[in-house]
Amino acid sequence: GPVPRDYSWNFPRKMRLNALRSVLSEKLREGRLVCLESLTLTSPKTRELDGALRGPLGLQGKALLLPLEAEPSLELAARNNPRLSVVRALGVSVVDLLGHDTVIVSEAALCRLGEVLAG
């Protein structure tokens, strides 16, 4: 009878890290990587988050928010806006980065991500 086979394979870790380095450096060169001191909100309001991103930062298009740890208020505020996505910094993938115009990262997350990608 038929023998079920698994043809899946894992993408090599070093190649995945090199791809992340490449995409992040390209975003930085193009000026589409924004580093903020922190990504915390006082209340989980979509309007408040959208106003904060459009007003002082002047962001247009899709944005990816990268906090260091899970921020419940940030996730609640961003989930109703189709232009915003929230992903933990250490859980980000190349697909996430390429699918968004701008990447907004907290300072702590950028330092931790730099440590992981450096070694």
Side-chain angles (χ1 to χ4, degrees):
V3 178
R5 292 197 171 104
D6 184 14
Y7 292 102
S8 65
W9 60 283
N10 291 331
F11 198 72
R13 181 179 180 270
K14 287 188 177 186
M15 289 178 74
R16 187 172 51 243
L17 291 178
N18 283 336
L20 282 172
R21 283 186 202 113
S22 176
V23 172
L24 284 173
S25 64
E26 183 65 26
K27 294 279 186 189
L28 182 62
R29 256 188 306 243
E30 293 174 352
R32 297 187 303 167
L33 180 71
V34 179
C35 181
L36 298 178
E37 191 172 317
S38 68
L39 290 175
T40 56
L41 293 175
T42 56
S43 63
K45 301 284 185 184
T46 304
R47 183 176 293 163
E48 180 181 318
L49 178 62
D50 196 39
L53 294 179
R54 282 183 185 229
L57 297 177
L59 295 178
Q60 300 295 325
K62 294 179 78 174
L64 179 66
L65 304 169
L66 297 177
L68 181 60
E69 294 296 326
E71 296 280 339
S73 62
L74 187 64
E75 291 174 7
L76 287 174
R79 74 178 178 185
N80 198 26
N81 191 337
R83 297 182 316 108
L84 298 177
S85 299
V86 178
V87 178
R88 282 187 38 239
L90 297 180
V92 70
S93 69
V94 176
V95 175
D96 292 331
L97 293 172
L98 290 176
H100 294 81
D101 299 326
T102 307
V103 177
I104 303 167
V105 62
S106 68
E107 187 176 352
L110 189 61
C111 290
R112 182 70 179 118
L113 194 58
E115 291 172 5
V116 170
L117 293 177

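Computed from heavy atoms alone, side chains included, the values below leave out hydrogens, waters and symmetry copies.
Counting only distance, with no hydrogens or angles, the side chain of Arg32 and the backbone of Lys27 share no donor-acceptor pair below 3.5 Å. With hydrogens and angles disregarded, a donor-acceptor distance shorter than 3.5 Å links the side chain of Thr46 to the backbone of Ala77. Side-chain N or O atoms of Arg112 include none that pairs as donor or acceptor with a backbone N or O of Leu90 at under 3.5 Å.
Heavy atoms only, all atoms of each residue included: Leu68 and Ser106 are closest at N-OG, 3.8 Å. Between Leu110 and Val105, the shortest heavy-atom distance links the atoms N-CG2, 3.8 Å. Residues Pro2 and Pro4 approach most closely at O-CD, 3.7 Å, considering heavy atoms. Considering all non-hydrogen atoms of both residues, Pro67 and Val87 come closest at CD-O, 3.4 Å. Of all heavy-atom pairs spanning Glu48 and Thr42, the tightest one is OE2-OG1, 3.1 Å. Scanning all heavy atoms of the two residues, the minimum distance from Glu107 to Cys35 falls at CA-SG, 3.8 Å.
Contact check for Asp96 versus Leu66: no side-chain heavy atoms found under the 4.5 Å cut-off. For the pair Leu20/Val116, no side-chain contact is recorded, criterion being any heavy-atom separation below 4.5 Å from C-beta on. A 4.5 Å side-chain heavy-atom check between Pro12 and Lys14 finds every atom pair outside the cut-off. You'll find the side chain of Leu117 reaches within 4.5 Å of the side chain of Leu24, heavy atoms only. Contact of the Ile104 side chain with the Leu59 side chain is registered, since non-hydrogen atoms from C-beta on lie closer than 4.5 Å. In this structure, the side chains of Asp101 and Gln60 stay at 4.5 Å or more apart for every pair of heavy atoms. Between Leu53 and Leu84, some side-chain heavy-atom pair lies under the 4.5 Å cut-off.
Residues Leu74 and Leu76 fall into different hydrophobic clusters, defined by Ile, Leu, Val, Met, Phe, Trp and Tyr side chains chained together at heavy-atom separations under 4.5 Å.
Under a 4.5 Å side-chain heavy-atom criterion applied to ILVMFWY residues, the cluster that includes Val3 comprises that residue alone.
No more than 12 heavy atoms of other residues, nucleotides or ligands lie within 6.0 Å of CG in Asn80, so this atom counts as exposed by the packing criterion. For Glu115, the CD atom counts as densely surrounded, since its 6.0 Å shell holds more than 12 non-hydrogen atoms of other residues, nucleotides or ligands.
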